[in-house]
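A quick write-up on the structure given underneath.
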Amino acid sequence: MERPGIEDEKGPIDVLPTREGYDQWSAVYDDEDNPLVALEEPHVERLLGNVHGLQIVDIGCGTGRHAAKLVHFGAQVTALDFSDGMMSKARCKPGAERIRFVVQNLERPLPLRTGAFDRVLCCLVLDHIADLRGLFGEFERICRVDGFIVISVMHPALMLRGIQARFINPATGREVRPQSCPNQIADYVTAAVQSGLSIDHISEHAVDENLVARSARAGKYLGWPMLLMMKCSPA
């Protein structure tokens, strides 16, 4: 089937619906050099802190890279995603038998109890969400009053420079871009505030020499802002 696409100086690019794009990406997601993931993971761990015994939901869990670590450290984890390919990879990770997996489109109300979770985690997902207000409202609803929400997202400055979630499909050699939304920092802040959340932390993180040493692919982004982190709590 012919794919909708565009062309740049590197060759053809397939722009796919988000779910289809991530289904394809799942085949290589855990194995490729991804500087955004390398930059993000330590910041997520720092903001979450000690998770032992906590009820945590991983919204848009992908291949389960965070969920698997959380159950290893003693958390009780529920993990949501709508990509069959990504969920298949997540279910194969060590500790997956202790994770409750839920197939769910995040643009619909979440099938989760109100106030059920000590921590709500949403990582590298929101640049694919058009209705931020709706999803942030769900974060607020399912989070316990004494809990908090940790969010990571690709820095909007990257999209302004033509960079978005993307990968090379090894079967075709073509670049694939799952459909993304050009959300700005103000959109994330506004969605949080309008949902009744207090923003306890917000930070921007650029590529530095330390990251380049861990991820060769990061070298071409040296000095660029790459990651936005937020920590919110019910007001």
Side-chain angles (χ1 to χ4, degrees), residues 17-34 36-129 135 138-153 165 167 169-171 178 214-215 229 231-232:
T18 304
R19 185 192 316 220
E20 185 177 352
Y22 276 91
D23 280 343
Q24 291 189 16
W25 201 350
S26 66
V28 296
Y29 192 90
D30 285 339
D31 301 319
E32 65 179 4
D33 176 10
N34 189 326
L36 180 58
V37 168
L39 178 61
E40 178 244 30
E41 290 184 346
H43 292 290
V44 170
E45 292 175 8
R46 178 176 56 84
L47 287 177
L48 280 177
N50 183 7
V51 300
H52 185 80
L54 298 183
Q55 289 281 352
I56 300 181
V57 60
D58 186 358
I59 306 290
C61 67
T63 63
R65 61 192 180 91
H66 287 301
K69 290 180 182 178
L70 292 170
V71 294
H72 175 75
F73 288 113
Q76 301 175 57
V77 179
T78 299
L80 281 67
D81 208 291
F82 73 165
S83 164
D84 291 335
M86 289 283 182
M87 291 286 267
S88 177
K89 292 289 185 179
R91 289 189 173 102
C92 291
K93 283 189 164 54
E97 70 280 358
R98 290 178 282 149
I99 299 171
R100 176 195 173 205
F101 290 103
V102 179
V103 178
Q104 176 67 20
N105 187 332
L106 302 185
E107 294 185 336
R108 298 173 183 169
L110 305 180
L112 303 170
R113 289 188 299 107
T114 297
F117 298 97
D118 301 292
R119 305 287 184 267
V120 177
L121 184 63
C122 185
C123 293
L124 305 185
V125 170
L126 294 180
D127 52 316
H128 300 293
I129 301 296
L135 188 53
E138 286 292 272
F139 293 165
E140 191 276 339
R141 180 184 66 81
I142 65 176
C143 188
R144 290 178 177 163
V145 293
D146 58 348
F148 59 80
I149 300 129
V150 171
I151 291 164
S152 71
V153 66
F167 68 101
N169 185 330
R214 293 186 289 126
S215 168
M229 296 294 308
K231 177 182 174 184
C232 305

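Just the heavy atoms: all of them, side chains too, but no hydrogens, waters or symmetry mates, feed the values below. Residue numbers start at 1 and run along the sequence shown.
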Does H66 form a side-chain contact (heavy atoms from CB on, under 4.5 Å) with E41? I'd like the steps, not just the answer.
CA-CA 8 Å; H66 287 301; E41 290 184 346; 4.0 Å; yes
To the nearest 0.5 Å, what is the distance between CD on E140 and OG1 on T114?
9.0 Å
Distance check, rounded to the nearest 0.5 Å: Q24 atom CD versus Y29 atom OH?
15.5 Å
Can you tell me how the ring of Y22 sits relative to the ring of H128, calling it parallel under 30°, perpendicular over 60° and tilted otherwise?
perpendicular
Would you name the heavy atoms of N105 and R19 that are closest together and state the gap between them?
ND2-NH2, 4.2 Å
Keeping the roles fixed (side chain from D118, backbone from G147), state whether a donor-acceptor pair exists under 3.5 Å.
no
Below 4.5 Å, heavy atoms only, C-beta onward: do V150 and M229 meet side chain to side chain?
yes
Roughly how far apart are H52 NE2 and H72 NE2, rounded to 0.5 Å?
12.0 Å
Would you say the side chain of F167 lies within less than 4.5 Å of the side chain of N34, judging by non-hydrogen atoms?
no
Indicate yes or no: at least one non-hydrogen side-chain atom of E138 is less than 4.5 angstrom from one of P109.
yes
Euclidean distance, L112 CG relative to T78 OG1, rounded to 0.5 Å:
6.5 Å
Heavy-atom distance under 4.5 Å between the side chains of D58 and I99, does that happen here?
no
Determine whether F148 and L47 satisfy the following criterion, side-chain contact (heavy atoms from CB on, under 4.5 Å), listing intermediate values before the conclusion.
CA-CA 10 Å; F148 59 80; L47 287 177; 5.6 Å; no
Inter-residue atom distance C61.SG - R91.CZ, 0.5 Å rounding
8.5 Å
dist S152:OG -> L126:CG (nearest 0.5 Å) comes out at 8.0 Å
Considering all heavy atoms, the nearest P178-A165 contact
CD-O, 3.4 Å
Any side-chain heavy-atom pair of R141 and L110 under 4.5 Å
yes
Do T63 and K93 have side-chain heavy atoms sitting under 4.5 Å apart?
yes
Please check this pair: side chain of R144 against backbone of A116, looking for a donor-acceptor N/O pair closer than 3.5 Å.
yes
When every non-hydrogen atom of A96 is compared with those of A90, the smallest separation belongs to CB-O, 3.5 Å
Would you check if the side chain of S26 reaches a backbone N or O of D23 as a donor-acceptor pair within less than 3.5 Å?
yes
Enclosure of R46 CZ (heavy-atom neighbours >12, cutoff 6.0 Å)
yes
Look only at the side chain of R98 and the backbone of V71, and say whether a donor-acceptor pair between them is shorter than 3.5 Å.
yes
To check you understand the geometry: which heavy-atom pair defines the closest contact between V77 and A67, and what is its length?
CG1-CB, 3.9 Å
Quick check: does any side chain N or O of Q104 sit under 3.5 Å from a backbone N or O of L80, one acting as donor and the other as acceptor?
no
Residues A79 and M87: closest non-hydrogen pair is O-CE, 4.1 Å
Are R65 and C123 packed together at the side-chain level, in the sense that at least one heavy-atom pair is separated by less than 4.5 angstrom?
yes
Is the CZ atom of R214 crowded by more than 12 outside heavy atoms at less than 6.0 Å?
yes
Dump the intermediate steps for side-chain contact (heavy atoms from CB on, under 4.5 Å) on C122 and F139, then the final yes or no.
CA-CA 9 Å; C122 185; F139 293 165; 3.7 Å; yes
Kindly give the heavy-atom pair with the smallest separation between S215 and D33, and that separation in Å.
OG-OD1, 2.5 Å
Pair I59, V120 - check side-chain contact (heavy atoms from CB on, under 4.5 Å), show working.
CA-CA 7 Å; I59 306 290; V120 177; 4.1 Å; yes
